[in-house]
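Structure, as structure tokens:
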Amino acid sequence: MFAEVYQIVQRIPIGKVATYGQIVRILGTRDSRRVGHALHANKDRKVPCHRVVFADGSLAPGYAFGGAKIQRLKLESEGVKFKGNKVNLERCRWSR
DNA sequence: CTTATGACTATGA
DNA sequence: TTCATAGCCATAA
């Protein structure tokens, strides 16, 4: 279940981000919520959930490990470029 | 066991 | 472009 999600999330290299849809696609399902639930169940203790963003590049408002703004800062620190209040998926989208 | 809610995404207005 | 609704699956009650 979530193990697959954790594995994929940990597989994301520094400076890159993956969308829920991307992970879900790898899992072989269409449900994006299960990924979000997986991260929520695990929070940010073992998996860098801050690298997981919405399909449009935005973050999870109010449910991040400490705030979407914090998440944004963390991603920036890893080298992820931001497009306004969203991540520049065109540049930092994790491809396989 | 059934109902309701949720770190989502795609489609329609 | 932004807001609302439907669909998919798992967890909580």
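So that the names make sense, note that chain A is the first sequence line, chain B the second, and so on, each numbered from 1. It should be emphasised that the depicted structure is a prediction, and the values quoted were computed from it without experimental measurement. Basis for what follows: all heavy atoms, side chains included, without hydrogens, waters or symmetry-related copies.
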query: Within a strict 4.5 Å, meaning less than it, do heavy atoms of the Ile8(A) and Leu27(A) side chains meet?
result: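 Yes. Closest side-chain heavy atoms under 4.5 Å.
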- prompt: Is it the case that one hydrophobic cluster holds both Leu89(A) and Leu59(A), taking links as side-chain heavy atoms less than 4.5 Å apart, direct or via other members?
  reply: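 Hydrophobic grouping puts Leu89(A) with Leu59(A).
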Whole Å only: how far is the [atom1] atom of [X] from the [atom2] atom of [N]?
X: His40(A); N: dT5(B); atom1: NE2; atom2: P; result: 17 Å
X: Ile12(A); N: dA7(B); atom1: CD1; atom2: P; result: 19 Å
X: Leu27(A); N: dA10(C); atom1: CG; atom2: P; result: 11 Å
X: Leu39(A); N: dT11(C); atom1: CG; atom2: P; result: 13 Å
X: Asp56(A); N: dT2(C); atom1: CG; atom2: P; result: 10 Å
X: Arg30(A); N: dC9(C); atom1: CZ; atom2: P; result: 7 Å
X: Gln71(A); N: dA7(B); atom1: CD; atom2: C1'; result: 9 Å
X: Tyr20(A); N: dT9(B); atom1: OH; atom2: P; result: 7 Å

field: side chain to side chain donor-acceptor pair (under 3.5 Å) between Asp31(A) and Thr29(A), intermediate numbers included
entry: CA-CA 6 Å; Asp31(A) 185 50; Thr29(A) 179; 5.9 Å; no
- prompt: Hey, does Phe54(A) reach any base, or is it just sugar-phosphate, or nothing, if we go heavy atoms under 4.0 Å?
  reply: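 Sugar-phosphate, backbone atoms only, no base.
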- prompt: Is there a Watson-Crick or G-U wobble partner for dA7(B) with both distances under 3.5 Å, and if so, which one is it?
  reply: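 When the pairing criteria are applied, nothing turns out to pair with dA7(B), so the answer is none.
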- prompt: What distance do Asp44(A) atom CG and Lys74(A) atom NZ have between them, rounded to the nearest 0.5 Å?
  reply: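 Taking CG in Asp44(A) and NZ in Lys74(A), the distance rounds to 6.5 Å.
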- prompt: Out of curiosity, Cys92(A) SG to Arg51(A) CZ, how far, rounded to the nearest 0.5 Å?
  reply: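 Atom-to-atom, Cys92(A):SG and Arg51(A):CZ are 12.0 Å apart.
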Of all the nucleotides listed ([options]), which has the minimum atom distance to the side chain of [X]?
X: Arg34(A); options: dA7(B), dT9(B), dC9(C); answer: dC9(C)
X: Thr19(A); options: dT9(B), dG6(B), dA7(B); answer: dT9(B)
X: Cys49(A); options: dT9(B), dT11(C), dA7(B); answer: dA7(B)
X: Asp31(A); options: dT9(B), dC8(C), dA10(C); answer: dC8(C)
X: Ala60(A); options: dG6(B), dA7(B), dC9(C); answer: dA7(B)

query: Does dG6(B) have His37(A) stacked on its base, where the ring centres are within less than 5.5 Å and the planes differ by under 30°?
result: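 Stacked: centres under 5.5 Å apart, planes under 30°.
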